[in-house]
Amino acid sequence: MTTAPGPSAASITPVVVRLKLSLLRNGLRQSGGRRAAYIASVVVALLFAALQLIGLIALRGNAHAIAVSLLLVAVLALGWAVMPLFFPSGDETLDPTRLVMLPLRPQPLVRALLAASLVGVGPLFTLCLLAGSVISVAHGATAWVTAVVAVALALLVCVALARAVAAANIRLLSSRKGRDLAVLSGLVVAVGAQLVNFGAQRLGSSGGLSTLDPAADVLRWVPPASAIGAVDSASEGSYGAAVVQLALCGAALAGLLALWSRHLTRLMTSPDGSTLQAAEPAARERGSSRLGRLLPAGRTGTVMERSLRYVWRDPKTKAAWVTSLAIGLIVPVFNALQGTGSAYFACFAAGMLGIQMYNQFGQDTSAFWIVAMTISSTRDAYVELRGRALALLVITLPYATLVTVLTTALLGAWRQLPEVLGLSFALLGAMLATGAWSSARFPYSIPQEGYKNVAPGQAGLAWIAIFGGMVSAALLSAPVIALTIWLNVSADGDRWSWLLLPLGALYGALITLLGLRLAAPRTARRLPEILAAVSKG
């Protein structure tokens with residue numbers, strides 16, 4: 001960054017704000033669909049903000065209004081902190097390296113970008129929630145004056161926090177790992193939804209809003225929630241505490257701005273990977289075959305290694321696997337922790353990972369033509385499908401076993417462990433069988449860029465492949481399900497329930513082999529159609 005005299009902050013700020021507005025306007029001009037999506041998202045966000053505002057105002061006078069407000073602002077700040085990590089492309093001005101060639105000083109640039117950051121739906125949404133929070137706790141003229149300062153400070157802390165995080169991680173966000181992280185945002189949403197559901201149920205069964213008070217006592221001193229705590233302190237006449245809480249929020253803002261400025265200076269004066277010669281360590285090349293040495297020889301091991309590397313390296317495949325692993329654990333374990341679950345919920349883990357067998361060739365995208373060139377017979381197709389199924393089992397079998405043991409341990413239902421494991425293995429085998437057949441019959445493309453998991457025009461194929469396959473898997477598992485029910489209602493069922501484990505495992509293995517055998521000839525015959533379908537995106 002140059003040290004030559006640059007434009008003043010007063011001249012930079014309006015220019016950067018106009019730049020932000022121009023980027024927004026030009027983006028909306030690209031297509032009517034994008035315009036409609038943006039308008040719909042704005043309407044939904046503002047409607048939700050209005051409902052939250054009304055709800056917070058309704059809490060005015062409630063003894064626990066301050067606890068709700070403090071927790072809400074803390075969660076809001078957390079959202080601002082993680083937003084740049086999972087949605088780096090949502091705002092082009094989040095990337096300060098775009099301004100690296102301009103003669104700008106750090107401090108004026110920070111102030112200008114901070115002002116530009118206040119333009120958008122996110123800041124408006126945050127402002128509505130902050131306004132509702134202070135309205136719910138403010139009482140008296142001093143408190144209302146404090147509320148004005150508190151809202152401004154809290155809003156600036158949230159925005160500065162997002163900018164500082166973005167500047168600190170911009171090299172990551174513009175790299176392949178950053179794109180992987182963005183794709184994994186779906187996992188955060190899914191896990192967050194389960195955590196919110198768990199928290200809401202615990203809140204409803206443990207005494208209501210009073211359970212929030214211990215957390216609120218801590219958060220009232222943590223910025224930016226401390227700004228809301230200052231309003232409450234001013235309402236109660238504790239003016240010294242209010243000053244300290246506002247000072248904490250102001251100190252946090254100053255610290256974030258200083259951190260942001262330091263990262264800006266480093267970004268705009270130091271070289272990155274694009275200016276340095278990339279050199280792959282020889283040790284990495286030597287270690288690349290370690291996985292292969294643990295797998296079977298021949299084509300089976302090669303296919304397994306390729307599939308496992310997709311899970312680790314391909315962003316979309318990694319996102320699907322991590323999401324399935326997380327949800328497969330959260331659903332049975334959280335229900336067990338609440339005391340409302342069943343040991344049979346552990347089958348959810350096998351079901352979530354069994355879905356990964358569907359659309360096996362679509363995961364390869366246009367690179368499938370390399371695989372297609374090696375398939376010249378039904379035998380080749382069978383070995384290809386078998387290798388992919390075995391790669392899935394390497395992860396799924398120990399994972400499903402772990403989730404089942406953990407769930408039964410939390411519930412104290414050790415007697416049901418063999419039958420639940422047997423049922424899980426049977427369900428997994430059925431899903432592998434139907435997944436192999438569905439991959440050959442209903443292949444579809446997975447776009448590599450963006451957040452879509454299905455190429456345009458192929459959504460119907462995806463629905464048929466996944467949900468049709470899941471229904472078929474449930475029907476194929478019917479014999480083991482029926483045997484489980486019969487043993488549970490039978491008078492002597494407890495004596496023989498342990499047999500469900502070996503029987504379920506054997507049934508799952510046999511149905512998997514049968515499904516692979518039936519899918520292999522179809523795969524060999526339909527190679528051109530499969531290649532055309534998976535290369536569409």
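All values below come from the heavy atoms of this structure, side chains included, with hydrogens, waters and symmetry mates left out.
At least one side-chain heavy atom of W321 sits less than 4.5 Å from a side-chain heavy atom of L392. Residues S69 and L56 form a side-chain contact, since some pair of their non-hydrogen atoms from C-beta on lies under 4.5 Å apart. Under the 4.5 Å side-chain criterion, counting only non-hydrogen atoms from C-beta, F348 is not in contact with L329. Here the side chains of W221 and S226 are not in contact, with every heavy-atom distance at 4.5 Å or above. Residues P123 and W80 meet the side-chain proximity criterion, which asks for heavy atoms closer than 4.5 Å. When side chains are defined from C-beta on, L428 counts as touching T396, because their heavy atoms get closer than 4.5 Å. The side-chain heavy atoms of L130 and T126, taken from C-beta on, include a pair separated by under 4.5 Å. Here the side chains of Y344 and Q416 are in contact, with some heavy-atom distance below 4.5 Å.
Between the CG atom of D217 and the CG atom of L70 there is a distance of 9.0 Å, given to the nearest 0.5 Å. L109 contributes atom CG, which lies 11.0 Å from atom CG of L114 (distance to the nearest 0.5 angstrom). Here L118 contributes atom CG and L113 contributes atom CG; the two are 11.0 Å apart, rounded to the nearest 0.5 Å. To the nearest 0.5 angstrom, N359 atom CG is 4.0 Å from Y444 atom OH. Separating the CE atom in M470 from the OH atom in Y358 is a distance of 7.0 Å, to the nearest 0.5 Å. With rounding to the nearest 0.5 Å, the separation of CG in L76 from CG in L129 is 6.0 Å.
Nearest heavy atoms, T401 versus L397: OG1-O, 2.8 Å. What you find for A350 and A400 is that their closest heavy atoms are CB-CB, 4.4 Å. Residues P332 and V403 come closest through the heavy atom pair CG-CG1, 3.7 Å. The shortest heavy-atom contact between A45 and F125 is O-CD1, 3.5 Å. Annotation for A81 and L161: closest pair CB-CD2, 3.6 Å, computed over non-hydrogen atoms. Nearest heavy-atom pair, A147 versus V134, reported as atom, atom and distance to 0.1 Å: CB-CB, 3.9 Å.
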Legend entry - R163/S117 under side chain to side chain donor-acceptor pair (under 3.5 Å): CA gap, chis, key distance, verdict: CA-CA 8 Å; R163 287 291 184 166; S117 301; 2.4 Å; yes
Legend entry - F345 vs V333, side chain to side chain contact (heavy atoms under 4.5 Å, CB included): CA-CA, chis, key distance, verdict: CA-CA 9 Å; F345 280 16; V333 169; over 6 Å; no
Inset, instruction - Please step through side chain to side chain contact (heavy atoms under 4.5 Å, CB included) for the pair T408 and R415, ending with a clear verdict. - result: CA-CA 9 Å; T408 52; R415 183 191 63 81; over 6 Å; no
Inset, instruction - Tell me, with the steps shown, if L59 and V68 meet side chain to side chain contact (heavy atoms under 4.5 Å, CB included). - result: CA-CA 9 Å; L59 282 175; V68 174; 3.8 Å; yes
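Judged purely by atom type and a 3.5 angstrom limit, S136 has no side-chain atom pairing as donor or acceptor with the backbone of R60. Panel note: side chain T407, backbone T404; no donor-acceptor pair is recorded below 3.5 Å. Between the side chain of S235 and the backbone N or O of V137 there is at least one donor-acceptor pair closer than 3.5 Å.
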Would you list the atom pairs, donor with acceptor, under 3.5 Å between side chains in residues 244-255 and any protein atom, with sequence neighbours excluded?
from: Q245; atom 1: OE1; to: A230; atom 2: N; distance (Å): 3.1
from: Q245; atom 1: OE1; to: S233; atom 2: OG; distance (Å): 2.8
from: Q245; atom 1: NE2; to: R220; atom 2: O; distance (Å): 3.2

